[in-house]
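First the structure, in the form of C-alpha cells, and then the observations on it.
Whatever order the structure lists them in is the order used to number ligands and atoms, beginning at 1.
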Amino acid sequence: MRILITGHCGYIGPVMTRLFHQAGHEVVGFDTGFFKDLIGAAEPGCIPDYEISGDIRDIVIKDFAGIEGVVHLAALSNDPMGNIAAGQTHSINTEGTIRCATMAKQAGASRFVFASSCSVYGASGNSAVPLDEHAPVAPVSAYAVSKVDAEKALQTIADDSFRTVMLRNATAYGVSPRMRLDLVLANLMASGYATGVIEVLSDGTPWRPLVHIEDISRAALSALTAEALNHSVFNIGAADCNYTVREIAEVAAKQFPECSINITGQNGSDPRSYRVDFTRALTDLPGFAPQWNLEKGAKQTHDWLSAAPRDLKVLFGNRYIRLSHLEKLLREHQVSETFRWL
Ligand SMILES: NC(=O)c1ccc[n+]([C@@H]2O[C@H](COP(=O)([O-])OP(=O)(O)OC[C@H]3O[C@@H](n4cnc5c(N)ncnc54)[C@H](O)[C@@H]3O)[C@@H](O)[C@H]2O)c1
C-alpha cells in the first residue's frame, strides 16, 4: 500500500515509517518541518520514500497522488503548546485535519487514520471505572478540544468509500530518532539522570495511561489495513497501562537506583487525570497486539539517556522539549504567530 504519513518529521513519525517499511509498504511523508533538523542517528528505514514539505492547512489533492491510506499525525501536539497558541492549535489541529481529510477523499484515498488522544477524556480521573470509547469526553485544554472537534468533523466526512478511524492514543513513551523529553516518563527519567532527583511537580495522583510509540504505530497499521472499520474509535494502549504519575516516577526510579523521588506538589493537583479502558482495540482492532510495557520502555529510555550528556540545560533545552523549540522559532522570527515559516 502507498501510505501518506503527515507529521512524519516528529517524534512518532520516524518510528511509524520504519514499521510501515518493515511491513512492506511505501511511505510518503508530508510535514512543515518544525523539528526537521532535530534528528539523531536514524536508520534509513525511518525516512519516507518520498517527502513533501508543506503546511497541512495548504495541502492539496495532488499531494495524495496514488495514496490509498493516510495516517494523520501533523499537529501542534501537546497541552503546553495549546496553552501558548490556542487559536493556532485549533487552526492546525482541527481545520488542518478537516482540510487533509477533504483533500484525501477527493483524491480517492480510501482510509484515513487520525491520531487523536486519550486527553479527550480530560478531567475524568474520579470515574469509578476506566473509560471506554462510549464515555463522555471532558477536554480541559485547547489541545484536547482540538482533537474532539476534529473527531466530530471527520464523522461528517466519512462514508463507505472514505473510511475514517480515530485512534485515541495514550501518552507516548519510547525512543525515537527525534526524541522528546517533554512526555511524562522520559521527562521524569531525564530529571533523575541529570540531577539525581526525579521531581514530580504535581501531587502525583493524576492518572495517565501510557503507550509505546511502536505500539501506536502498530495500531495505525492495523487501522489502515483492517477491513470493515468505519468511523471507528479506539483507545490505544496495552491492557494494563494506567498509572498514576507517582507510579510512573517509581518505574523511572528503578532504572536509576541512586535517584530519589521528590513529589513537590508545587503545581497542585493536575485536573488532567483519566483511566482508560483499552479492551476494544485489543479485541476489535484486527492484528493489534502491543509488544511493550512500561518497564521495558523505561529500560530503553535509560539506555538512550545514558548516551546523552548529563546536562539539564541540554536535556530540557529546545532540542528535546517541543514547547521550547517552537518558542525559539517564534522568538527568532523563523515562524510567524500563525506558525507559518517566514
Ligand atoms: N506523543 C504523544 O504522547 C501523543 C499522544 C497522543 C496523541 N498524539 C498525537 O500523535 C501525533 C504525533 O505526535 P508526535 O508526538 O509525533 O508530535 P510531534 O510534535 O513530535 O510531531 C508533530 C509533527 O507535525 C508537524 N506539524 C505541525 N504543524 C504542522 C502543519 N501546520 N503542517 C504540517 N506539519 C505540521 C511538525 O513539524 C512535527 O513534525 C499528534 O497528532 C499528536 O497529537 C501524540
Side-chain angles (χ1 to χ4, degrees), residues 4-17 29-39 46 48 51-59 63 71-82 85 88-97 99-100 113-121 139 141-148 150-151 166-174 176-187 208-217 219-220 234-237 241 272 274 276 297 319-326 329 334-336 338-341:
L4 180 78
I5 302 180
T6 72
H8 72 285
C9 296
Y11 170 57
I12 297 173
V15 171
M16 185 174 287
T17 300
F30 182 101
D31 199 301
T32 193
F34 290 148
F35 313 109
K36 195 168 172 54
D37 299 332
L38 307 184
I39 190 155
C46 294
E51 293 184 86
I52 305 169
S53 176
D55 192 299
I56 203 68
R57 293 166 287 184
D58 305 327
I59 198 164
D63 293 323
V71 181
H72 179 45
L73 300 178
L76 290 184
S77 71
N78 61 17
D79 289 336
M81 286 197 279
Q88 297 319 312
T89 295
H90 172 79
S91 152
I92 294 173
N93 294 12
T94 307
E95 290 172 14
T97 299
R99 176 160 183 117
C100 183
V113 177
F114 176 54
S116 187
S117 163
C118 283
S119 67
V120 299
Y121 298 118
S141 65
Y143 167 71
V145 168
S146 76
K147 294 292 184 183
V148 171
E151 283 192 11
M166 315 294 114
L167 301 183
R168 289 182 180 165
N169 298 301
T171 298
Y173 63 86
S176 161
R178 261 190 210 84
M179 193 58 179
R180 292 178 63 166
L181 299 178
D182 50 10
L183 296 164
V184 60
L185 176 69
N187 192 264
R208 279 288 183 291
L210 299 180
V211 64
H212 195 281
I213 50 180
E214 271 178 27
D215 288 333
I216 290 179
S217 304
F234 294 99
N235 297 330
I236 297 301
C241 69
R272 298 166 305 161
Y274 36 91
V276 177
R319 184 176 175 88
Y320 299 117
I321 305 289
R322 289 288 179 265
L323 179 63
S324 304
H325 185 68
L326 283 183
L329 295 181
Q334 296 193 57
V335 297
S336 69
T338 59
F339 286 95
R340 289 184 183 275
W341 290 105

- Message: Side chains of Leu167 and Ile216, heavy atoms from C-beta outward: is any pair under 4.5 Å?
- Response: no

- Task: Mind jotting down which protein residues get a heavy-atom contact under 4.0 Å with ligand 1? Chain and number order, please.
- Result: Gly7, Cys9, Gly10, Tyr11, Ile12, Asp31, Thr32, Gly33, Phe34, Phe35, Gly54, Asp55, Ile56, Leu73, Ala74, Ala75, Ser77, Ile92, Ala115, Ser116, Ser117, Tyr143, Lys147, Asn169, Ala170, Thr171, Ala172, Arg180, Leu183, Arg322

- Task: Give the C-alpha distance, both sets of side-chain angles, the deciding distance and a yes or no for ring pair (Phe, Tyr, Trp, His ring centres under 6.0 Å) between Phe34 and His325.
- Result: CA-CA 8 Å; Phe34 290 148; His325 185 68; 8.3 Å; no

- Task: Evaluate the ring planes of His212 and Tyr173, with Trp represented by its six-membered ring, and classify them as parallel (under 30°), tilted (30 to 60°) or perpendicular (over 60°).
- Result: perpendicular

- Message: Can you confirm whether the side chains of Ser119 and Arg272 place a donor and an acceptor under 3.5 Å from each other?
- Response: no

- Check whether any side-chain N or O of Asn187 sits under 3.5 Å from a backbone N or O of Leu181 as a donor-acceptor pair, and report yes or no. yes

- Does any donor atom in the side chain of Tyr121 or Arg168 lie under 3.5 Å from an acceptor atom in the other side chain? yes

